[in-house]
Amino acid sequence: MKALVVDDSNTMRAVLRRILSMRGFEVAEAKHGVDALDVLTKGEVPDVALVDWNMPEMNGLELVTEIRKRPQYEQMRIMMVTTETGIKEVQSALNAGATDYLMKPFNSMQVEEKLALLGLIANV
Amino acid sequence: MSKQFCTFVLDRLLFGIEVEKVQEVIRYQEMTPVLTAPDSIAGLMNLRGQIVTAVDLRRRMGLPKNEEGGLPMNVVICTSEGAVSLLVDRIGEVVETEPETFESLPDSVRGEVRQTTTGVYKLEHGLLHVLNLGATLDGIVTSGGSPRTMAAA
Amino acid sequence: MYGHANNVLQCAAWQNEIMPRVEPSEKIMDGMDEIFIEFLNEANEVLDKFDRDMVELENDPSSRALLDQIFRGIHTIKGTSGVLGLDKLVSISHCGENLLSKMREGEILLTPDLTTVLLTMSDALRQILGCIAQSGTEGDGEFSALVESITAATEGRKAKRATARKPRKTAARKKSSVGSDAAAKNTAPPAATMVAEPAPDPVPAAKPKRKQESPAGEIKTQSEPPAESQVSSIRVDVGLLDKLMNLVGELVLARNQIMQFTTADNGTAMSAAVQRLNLITAELQRGVMKTRMQPIGTIWNKLPRLLRDVARGCGKDVELNMDGAETELDRTILEAIKDPLTHIIRNAVDHGIEPPAVRVQGGKNPAGLLTLKAYHEGGKVNIEISDDGAGINTEAVKQKAIERNLVSPAEAQRLSERELYNLLFQPGFSTAKEVTNISGRGVGMDVVKSNISKIGGTIDLQSTPGHGTTLKIKIPLTLAIVPALIVTSASNRFAISQVNLVELVRLEGAAALSAIEFIHNSPFYRLRGTLLPIVYLDRQLTGFDDRGGSHRDVITIVVLQADDRLFGLVVDEVKDSEEIVVKPLGNLLKEQKCFAGATIMGDGRVALILDVMGLAHKAEVLGEQRSRTNSTAVQKAEVKAQLDEWLLVKAGRKHHLAIPLARVDRLEEMATSRLEWSGSQLVVQYRGEIVPVISVAETLGFSVGQELPPVVAVVVVSWKGRRFGLLVEKISDVVQAQITIDKARQSQYLKGSAVIDKRVVDVLDIDGIIANTCSMVEELETAVGQGGR
């Protein structure tokens, strides 16, 4: 399994990398939307992208929209990682093509539950 | 509690330093003199890449020059500020002392020797003067004997 | 870098929430540590950037991009600290985020007080980060007052007691600026703390589920697969870098030793290998040094914030311009210049830049401009700090210097501008009318200067009244391994850092014999017309003042720069130039001001590194009284060419006499017994020729037939290709002046009188004096010629 973590915070990427790699994921990282598109074109298509909402250059919502424009990433699941809490925000993320969302702050259990829901790992 | 001392001879007096303070004992090495430093600084030497200041203990204690000839030995001490070497005439054995044999200095001991020793242990064959390391080294920086530059006046 | 591993692990929340499924094995612990260190680094960086952006936003309040960046920074801190279970950080940053969010929506406009509130918040966050780094916990800091003032600002009301917080929604619509003075007035500590009781309306889904340990069996043991790395840089522990630097130092040393053994046999396989070792070592050394280099921007980053606080503190408006932030310096040096730089900037704002009203009156922009510039030049880094303020009031400096007894009133009048500025760096000097909050902290420019000197740097000040002041700092790039010149003196080797080296002068034979001149017993060498004070290294070291030592067959002068002055160091021999590894001297040698450290030479022996500043001080070539003459002389080359140089002499007790220095070949002090009579003419044997000596006092008719003192001064001049000695009582000074000669006192021997350096002096007509004695000279010549046959 491969995952792409898109977040402008080094810490957040490190945390997610740790949790994901504990569950056997190969993890690639990107610092923002533009970086993520670059990583995607250069590497293999990951099974899941965990995308932060608020980032410089290109934010999470824009990134999701961009990714969904490209058919080669159709199978890729996208999980928005966000503190934007309103139903409106979550809805707009889902509308843009996100598969699911993860609320900050989270712990490893919550991440795993979400990954299980997406069918990427066995049930916790 | 008995204590172990690394002993050395200086002008026929037997001195001791607590074993745990001694880093090593090495033969005399060539030194680079520090001309402006107080007399009791013998110079600088290279101890495996580390620069160590050597103290001429005879001069520090106001004892006469060693007339017997022969090169002094280095007793390398670890201090909080790094290693310092003490130049002594000869190295003695490691001596175990018993606390009840300790006494303060006899009145006959005067001058710098008095300043730089804490007391004596009465050994079977004589007295072991316990070197007061702190006072010995501090004295160099504070009063330390006349710096050679005095001649400049 | 940050605290101890064990401490960091005390953050129980992290262990429980992020790693609930694992037994804390060593490896995982390491991983968690890394994340914490990453977090601390990141959060601190974010906050530094936050400060900068806030200050910038204050200048450009309409910048949406800036506001977004600021918001994102705090948002990141909230998010990451939430994940790591750091509740205090979460609650404070959450409040800040709310406030910033309102600002983004345009509901609240930025005011200076609001900026202050937000900056105070970033300080609080930093403080907590500091606690985490030190103790692994968020500490017991109390931030309820802060939280209240942030909340109050968000709700557009004045800060009240924290307990009386109203529901946010009702207050939120109110106009914003009311809350602006909240921070200032909110001095009463509120009853409840925000930390104990989390922010109202926290993120609903954010409540962490505190799940406890799960079976450990599920750990995947396979190692983390290295995904294609997107990260081209890593963080390295500074301690490790220091250790590497030391090791490279040792390697350089070993290389030097090996090089010495193999210089003899050229062309062998061994020497080829050594050559390779040499190149690789040099390359490695450069590489490791580079890892320790950091852009000066890392310390400049804090300055906008500092500047803002200082400027606000003294009611001034200052803009900051930074140029060359990418200029790199060794981190130890960066560390060392941090405080001096801060101090200089405080000073510039406090003393340099005028209050807005005064500036407007003077036709300037009400906001002052402070410019920082950094650039590499000749292996050094230059840092310039300029302000467009009032400049330095030289009269005030003089007054102060006199009050402080640094100079006498008479001396003060004679000081050149540059010397005057140098007074500012004297201990205890301060031109502020009163001790202000900002820079009156007992630390003066003298400390700044000594800190800069400690790292081998120099500081120079230029000021134009009404237009501002520029401080120029020159510092070496690195301290650990320095190129040095190896010299010998008093049978020892010494290293001199090439940072201080200006040039080498070697004099042989006749030149060596007469190279050194004496004025007032102080030796000088004339370097291209400039009198260079001379220091004999052996005398300084051994303390023996052996005047005879100046007569050497070969004289080697190392011209050095200490401060902004030059002096010549006479050594026995110049050996080599070599890269040396600087090692500190032990505690016992702390007082040895002549030495900056020691190094180990290729042969394994220790050599001392000379402290050029310390040596100059010891030899008093920079001393107050002396410095005037010297500095005038030394600076001569730099000063405008139209100034003439004058030698001031005394003859006949009452008189100040001036001789154009351009006419002077040499200055000699000699025992009167060396003077001989040849017929009626006084002569001296001088460099193999007989030189007629003319008593200036007698010629001018002051003291005919008077007994000469045991030592006299002779000014050697040339006239029509011959040498003549002018006998005077004393050589007083060398000065630079543009003078007008008043011909009222013109005579056979005087060109007239003039005012030089506020003294009335008679200007000698050398040609006139010599011509008068010419007949006698001719007699003499005949006599000598006959003797020679």
Side-chain angles (χ1 to χ4, degrees), chain B residues 23 26-57 59-60 74 76-87 116 133-153, chain C residues 246-254 256-257 486 488-495 535-546 580-611 614-615 617-620:
Chain B
Q23 179 183 313
I26 51 174
R27 274 186 302 138
Y28 181 77
Q29 299 208 340
E30 267 194 284
M31 307 248 180
T32 300
V34 185
L35 294 169
T36 57
D39 257 350
S40 33
I41 300 288
L44 298 172
M45 59 184 202
N46 169 10
L47 182 62
R48 297 183 296 274
Q50 193 189 0
I51 292 178
V52 175
T53 311
V55 174
D56 185 327
L57 263 194
R59 284 204 202 128
R60 172 68 188 91
N74 288 291
V76 182
I77 306 295
C78 358
T79 76
S80 55
E81 307 284 338
V84 169
S85 168
L86 304 177
L87 291 189
T116 51
L133 253 185
T136 306
L137 299 182
D138 288 349
I140 295 174
V141 180
T142 52
S143 64
S146 60
R148 292 170 198 191
T149 44
M150 290 303 278
Chain C
N246 278 336
L247 286 172
V248 167
E250 297 302 330
L251 182 64
V252 167
L253 203 68
N256 291 353
Q257 275 169 301
I486 312 298
T488 61
S489 181
S491 324
N492 277 289
R493 269 180 306 188
F494 298 93
V535 175
Y536 290 93
L537 183 56
D538 50 0
R539 290 182 200 168
Q540 291 304 322
L541 297 175
T542 58
F544 296 118
D545 192 4
D546 166 26
I580 58 163
V581 182
V582 179
K583 301 196 174 229
L585 290 176
N587 236 13
L588 291 174
L589 299 174
K590 255 194 330 219
E591 304 292 314
Q592 304 307 309
K593 305 291 187 217
C594 290
F595 305 116
T599 189
I600 296 171
M601 304 298 298
D603 61 4
R605 293 195 56 182
V606 178
L608 286 155
I609 302 166
L610 293 178
D611 183 333
L615 201 60
H617 275 298
K618 184 168 191 291
E620 293 174 338

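We name chains A, B, ... by the order of the sequence lines, and we start the count at 1 in each one. Side chains are part of it too, since the values below use all heavy atoms of this structure and drop only hydrogens, waters and symmetry mates.
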For [X] against [Y], the heavy-atom pair lying closest together:
X      : Y      : value
B:E30  : C:R605 : OE2-NH1, 2.7 Å
C:L608 : B:P33  : CD1-O, 3.7 Å
B:V34  : C:Q592 : CG1-CG, 4.3 Å

Between [atom1] of [X] and [atom2] of [Y], what distance do you get to the nearest 0.5 Å?
X      : Y      : atom1 : atom2 : value
C:L585 : B:I41  : CG    : CD1   : 10.5 Å
C:Q540 : B:L35  : CD    : CG    : 12.0 Å
C:M601 : B:N46  : CE    : CG    : 12.0 Å
B:T32  : C:N492 : OG1   : CG    : 6.5 Å

Answer whether the closest heavy-atom distance between the side chains of B:L44 and C:L589 falls below 4.5 Å.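 In short, these two side chains touch, coming nearer than 4.5 Å.
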At a 4.5 Å cut-off on heavy atoms, which part of C:S491 comes close to chain B: side chain, backbone, both, or neither?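 No part of C:S491 comes within 4.5 Å of chain B.
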Per-residue contact mode, B:V52 against chain C (heavy atom under 4.5 angstrom):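 Contact with chain C is absent: no heavy atom of B:V52 under 4.5 Å.
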Selection from B:T53, B:V84, B:V55, B:T79 maximising heavy-atom pairs under 4.5 Å formed with chain C: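 Of the options given, most contacts go to B:T53.
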